[in-house]
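Data block below; observations after.
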Amino acid sequence: MLDQLKVIIAKHLNNRVMETYNVASSLVVETPKDKEKGDVAIPSFALSKLLHKSPMELAPVIKGFLEELDYFERIEIVGPYVNAFYSRKKLIKIILDNFDNVDNKNSGTICIDYSSPNIAKNFSIGHLRSTILGEAIGNIYEKLGYKVVRIDHLGDFGTQFGKLIYAYLNWGDEETVKKDPINELVKLYVRFHKEAEANPSLDDKAREIFNKLEEGDEYYQKLWNEFKSASLEEFKRIYNILGVHFDEYSSEANASRHAKRVLSMLEEKSLLEIDDGATIVRIGDDMPPAIVRRTDGATLYITRDLEEVHRRYETYHFDQMLYVVGNEQKLYFNQLRRVLEKMDAPFASGIKHVNFGLILTGGKKMSTRSGNAVKLIDVLDESIKLALSHIDEKNPNLEDKEEIAKAVGVSAIIFNDLKNYRENDYEFNLEDATKFEGQTGPYIQYTSVRIGSILSQSSFDKNNISYDLLSQDHFFDIIKKLDCFYQEIEKCANEYAPNYLAKYLLQLSSLFNSFYTREKCLVSDIIERNTKLYLISLIKSRLDEGMKLLGMRIVDKM
């Protein structure tokens with residue numbers, strides 16, 4: 001609301017300048033860094049330049065215009081600046097009256113492509129960032145009123161499946177694979193590579209199998225579908241633990257089957273060239289050409305993504321198509337967008353690469369000692385165990401503590417990732433992430449639980465409160481922070497960066513805990529008790545809503 005108020009004030013000032021001087025102005029309403037200098041400040045330099053009058057002469061004019069508004073307790077002139085102090089009581093009433101008002105009438109459709117693991121492989125820690133970033137961004141856009149389409153584009157195409165089928169047919173055991181499909185398939189795939197080092201002809205045999213798979217060989221298709229079904233079942237189990245959901249599971253293999261269409265579209269636009277036997281699209285001197293067909297006629301990732309994005313636009317008519325993929329793919333997505341621009345695709349400007357950094361341990365990409373990717377399920381299980389140990393330490397007799405530990409442990413992983421700006425790498429420390437104090441998810445959950453416990457002990461009447469009490473500095477600081485909630489959400493949406501919301505929740509939690517150290521809420525005076533309980537109920541409301549948007553769990557006890 002404070003941001004909207006600044007817009008209202010600026011509009012009033014510029015309207016009054018037009019009425020008085022018959023010129024269009026663009027006076028700016030600033031927020032001083034030093035709150036002793038006012039809640040808002042209006043410099044007179046721009047108006048001075050426009051009217052060819054001294055800033056000192058125009059400052060009183062601006063002050064007079066501000067006095068026509070009913071928002072301020074006092075207005076001061078300090079040289080060329082006009083500093084104004086809000087009437088706290090009036091401002092608090094405006095904020096509380098508009099507490100739940102959000103501009104959620106945004107029209108438009110946002111498609112988000114995230115997670116996108118490869119089938120027949122374990123869901124690794126490497127897929128964590130894409131998965132929870134995409135989910136949180138989707139939640140935030142939905143909160144703002146957009147239609148969101150969540151897409152999991154499965155990696156189910158490529159010569160690796162020829163290798164996997166060869167390994168399964170030669171060294172696999174059907175019953176063993178059925179009992180533990182993903183782990184057994186990974187073992188077979190690893191074995192193929194070891195065997196191929198000694199016998200390179202295996203690669204040729206794998207390519208033959210893949211070619212037959214592409215041509216529709218029934219037996220190979222049957223095996224491939226079994227591998228895919230087993231993988232998707234495992235992925236969905238992990239998504240369920242994380243609270244992640246999708247509207248569509250799309251397929252790289254399906255895009256490949258229809259890739260001829262996009263190649264025809266490129267040919268019609270005279271964009272295709274042959275270079276060293278490969279088919280390319282030149283996209284400018286500042287960027288390497290996009291290879292859309294290899295010398296053997298096979299399509300590439302970009303060919304399949306071009307087909308897939310056209311299908312998505314035809315299906316959903318999106319305004320933005322977000323790809324939540326790591327930093328290392330920046331060039332690739334610049335090429336994808338550039339090719340679409342060359343094709344005159346009406347949606348090219350809506351293609352956005354939401355890039356992110358690595359999860360590190362000891363400054364290196366997170367991996368096990370053997371060099372294999374860390375399974376996400378193992379990390380989640382360990383986080384839940386650590387959360388349970390913290391609960392046992394603080395509240396050993398807590399009922400349903402295993403379920404609560406699961407909610408806390410999973411939320412700890414989610415928050416620990418989302419509190420970091422997405423483009424940056426970050427160091428992963430599971431012990432620190434699960435602590436109940438510090439910059440952690442459990443700290444925010446515990447703050448919400450603490451407020452809930454207080455509120456459960458007494459009812460309150462929000463219509464019988466003291467605005468004088470709320471005007472005190474430490475109360476008013478909380479009111480202002482509560483008011484920033486939707487501003488932070490919009491910032492998250494504009495920058496595809498949930499870390500702003502995570503930081504906000506930490507700050508609000510800290511404000512409450514400082515307030516609670518200073519103030520007793522369950523006092524005998526009815527109006528004072530109403531005021532304090534109403535205020536902390538608003539804090540809990542913001543914390544809980546923010547946690548939901550990030551994908552965290554809300555718990556009633558810890």
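Computed from a prediction, not measured in an experiment: that's the story for all the values here.
In terms of the side-chain hydrogen bond (donor to acceptor under 3.5 Å, both in side chains) criterion, residue partners of Ser201 (sequence neighbours excluded) are, by chain and number, Asn199. For Glu248, the side-chain hydrogen bond (donor to acceptor under 3.5 Å, both in side chains) partners at least two apart in sequence or on another chain are Arg311, Tyr316. Qualifying side-chain contact (heavy atoms from CB on, under 4.5 Å) partners for Thr159, counting only residues two or more places apart in sequence or in other chains: Arg207, Phe210. Looking at residues two or more places apart in sequence or on another chain, you find a salt bridge (charged side-chain N to carboxylate O under 4.0 Å, His left out) between Lys228 and Asp156. For the salt bridge (charged side-chain N to carboxylate O under 4.0 Å, His left out) test, no residue two or more places apart in sequence or in another chain qualifies with Asp378. For Glu545, the salt bridge (charged side-chain N to carboxylate O under 4.0 Å, His left out) partners are Lys143, not counting sequence neighbours. Contacts of Gln320 classified as side-chain contact (heavy atoms from CB on, under 4.5 Å), with partners at least two apart in sequence or in another chain: Ile110, Tyr141, Leu322, Lys352, Tyr496. Residues passing the salt bridge (charged side-chain N to carboxylate O under 4.0 Å, His left out) test with Arg542, sequence neighbours excluded: none. Among residues two or more places apart in sequence or in another chain, the side-chain contact (heavy atoms from CB on, under 4.5 Å) test is passed with Leu430 by Glu382, Ser383, Leu386, Ile413, Phe428, Thr434.
In this structure, His317 has its ring center at least 6.0 angstrom away from the ring center of Phe347.
Side chain of Asn240 to backbone of Lys236: no donor-acceptor contact under 3.5 angstrom is found. Side-chain N or O atoms of Asn254 include none that pairs as donor or acceptor with a backbone N or O of Ser250 at under 3.5 Å.
The list of side-chain hydrogen bond (donor to acceptor under 3.5 Å, both in side chains) pairs with a residue in residues 175-186, not counting sequence neighbours, reads Asn122-Asn183, Asp173-Thr176, Glu174-Lys178, Asp180-Asn183, Asn183-Lys375, Glu184-Lys187. The stretch residues 409-423 participates, sequence neighbours left out, in these salt bridge (charged side-chain N to carboxylate O under 4.0 Å, His left out) pairs: Arg129-Asp417. The list of salt bridge (charged side-chain N to carboxylate O under 4.0 Å, His left out) pairs with a residue in residues 291-305, not counting sequence neighbours, reads Glu252-Arg304, Arg294-Asp296.
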